[in-house]
Amino acid sequence: MSTLADQLAASIQGLVAAAIARGDLAGTAPESIVLERPKNRDHGDYATSIALQLAKAAGKNPREVATLLQAEIASLAGVSAVDIAGPGFINITLDRANQAELVRTILDGGDTYGHGDSLKGVAINLEFISANPTGPLHLGHTRWAAVGDALGRVLKAAGAKVTQEFYINDRGRQMDLFGQSVQATALGKPIPEDGYQGDYIKDLAKIVVAENPGIKSSEEFREAAYKVQLTQQQSVLSTFHTTFDVWFSERSLHESGAVEHGMEKLREQGHVFEQDGAVWLRTTDFGDDKDRVLIKENGELTYFASDTAYYINKRERGNDICIYMLGADHHGYIHRLRAVAACAGDNPDYNIHVLIGQLVKIMEGGEEVKLSKRAGTIITLEELVEKVGVDAARYTLIRYPVDTPMVMDIDILRSNTNENPVYYVQYAHARIAAVLRNVSELGIPTGLDNFDASQLTHDRENELLGTLAEFPRVVAQAAELREPHRVARYLEELAGVYHGFYADCRVLPLGDEAPASIHSARANLCAATMQVIANGLSLLGVSAPERM
RNA sequence: GCGCCUGUAGCUCAGUCGGAUAGAGCACCUGCCUUCUAAGCAGGUUGUCGCUGGUUCGAUUCCAGCCAGGCGCGCCA
């Protein structure tokens, strides 16, 4: 879908190229032209600084360059005025009725408005959370549960084929300790050193014993508790509206021979060597600060060996790009994972992308809730949802970039005021739904057959249309930068613009006033806005209520 | 010591192909509901964009160095 702004930018690009071909300008034409929405409304609907960029090569001052292009831009379809301002900005004002045709585009597009094809044909593997199945999901996992799922939705909207994947760390010492801990608890014995504590272990022990009478060995306990705990994680994530296409077991990686296969591939690429009785991967060739052990001196495989094989496995399953979402305590993995990609013969700048999420702090009652496993003050995903609900939790976690540490204030999230941005956005949606209910009750004709774009010339209408037009761009950028928070911020802006429109532009007829085409036009504009808010919230996995 | 992230209003934070007077919410004042959801709108107050240099028509944005804070640097998983 190409937006009005895209078409305009392409046309201007053509004009610039033509001017250069004619010899009016010197230099080379830019590949594309950026049209931005000026913050100041006096600067038109769109602005470009192209004249300032061209000036130097052209050997003219920027205002001259702008003047040269002015008349031609003004003659483009849909443009009503072109002004030159400041050092040489070209400010473009669009024809309002023409702009209002966007309502048709949105309503025709329905829930696909905003979708694009910038990542069309790209297969992306998106791995997030990947917790050990040895306990409930906690706050750190929760940030990824929200952001990861939202990112997946955004990438799909940009046309990518996305596999959302959860890597189950079901192998190794932690699992054994887990089994021993549950066993000890069930049998009333002391929990082993470094074992798992907490009430949930007691609960697991009870369930496991009830379901498996006569269970004895720690291996049996491990397997039974693993099953219960994994099911619990899956069920909690499902209520959180976070879905996975693949639950990938680390064990299966070993059982299927994928680890040997991965190792073989790395050997072929020539980055594997032996030293001190161990087998290493020379990751320092590609920016890691030290080489990494694949097979220990005692013959055991390292966790890193699994990671490496897993990456190769993902790529061989047809994924072009592997995105990893890791906690801040894993940021040391960035270099080594990129090096793994490079060792496998891939381009680390394209085939792999590691996102690091900073920590989440919780405030409640004006104080920081200290999180400690030992003290049992871990906040789980389940508890957070109980406190604030799915929508508020998801929305708040998503609206910040992941590389900033964030603070969640439970008290604010519980409040139904506009301190709580999720309500601000949802309220706009519910408000429109209410207006449209009234529209339908009053028998005001809606539908695009009754839509007259030339009615929508009010400043507020124009501002709303301009904001609606930005949505596809926001989605594409969020996908490109892997930053779903941009969608949330956009929705807050859109909600604000709608509320302003609502305050100044009456949709329903007043008193005895007969329904006229302005009412139909505004009703359709409302419907278009509601559609965009719904589409945006859907990208975040947050509900769009019709009543509040 | 090395590496990753952060430093923008009193508070919580936005701000990427470098652009015009740096934004939003909260907080604090002032207005607006006998007809659309006031969970709303309009207006006012608030800044050495951590510091110092560099690149250039122009830097909160890019580069270098420094300061401050968070986190991490196992043949652990």
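The residue A:His43 sits close to a base: some heavy atom pair falls under 4.0 Å. Across all strands, A:Gly511 comes closer than 4.0 Å to base atoms (heavy-atom distances). Contacts of A:Asn169 with the nucleic acid, taken as non-hydrogen atoms under 4.0 Å apart, are absent. Within 4.0 Å of A:Tyr333, counting heavy atoms only, lies at least one base atom of the nucleic acid. At a threshold of 4.0 angstrom between heavy atoms, the contacts of A:Arg437 include nucleobase atoms, whether or not backbone atoms are also involved.
Neither OP1 nor OP2 of B:G69 sits under 4.0 Å from any side-chain N or O of A:Lys361. Close to B:A42, at under 4.0 Å from its OP1 or OP2, lies a side-chain N or O of A:Arg460. Within the 4.0 Å cut-off from OP1 or OP2 of B:U16, at least one side-chain nitrogen or oxygen of A:Arg486 is found. Between A:His335 and B:C2, a side-chain N or O to OP1/OP2 separation shorter than 4.0 Å is absent. Here A:Lys290 reaches the OP1 or OP2 of B:G74: one of its side-chain N or O atoms lies under 4.0 Å away.
Aromatic pair A:Tyr333/A:Tyr324: centroids not less than 6.0 angstrom apart.
Within 3.5 Å, no donor on the side chain of A:Tyr424 pairs with an acceptor on the base of B:A38, nor the reverse. One donor-acceptor pair, N or O on each side, does fall under 3.5 Å between the base of B:A20 and the side chain of A:Asn91.
A:Arg63 has its CZ atom 14 Å from the C1' atom of B:C57, to the nearest Å. At whole-Å resolution of the value, OH in A:Tyr502 and C1' in B:C41 are 11 Å apart. A straight line from CG of A:Leu442 to C1' of B:U35 spans 10 Å, rounded to a whole angstrom.
Side-chain polar atoms of A:Asn420 and A:Tyr395 form no donor-acceptor pair below 3.5 angstrom.
B:C33: glycosidic angle within 90° of 0, hence syn.
Among the nucleotides B:C36, B:U12, B:C17, the one closest to any side-chain atom of A:Val407 is B:U12.
Stacking of the aromatic ring of A:His330 onto the base of B:G72 is not found under the criterion of centres within 5.5 Å and planes under 30°.
Salt bridge status for A:Arg338 with A:Asp349: present, with a side-chain N to carboxylate O gap under 4.0 Å.
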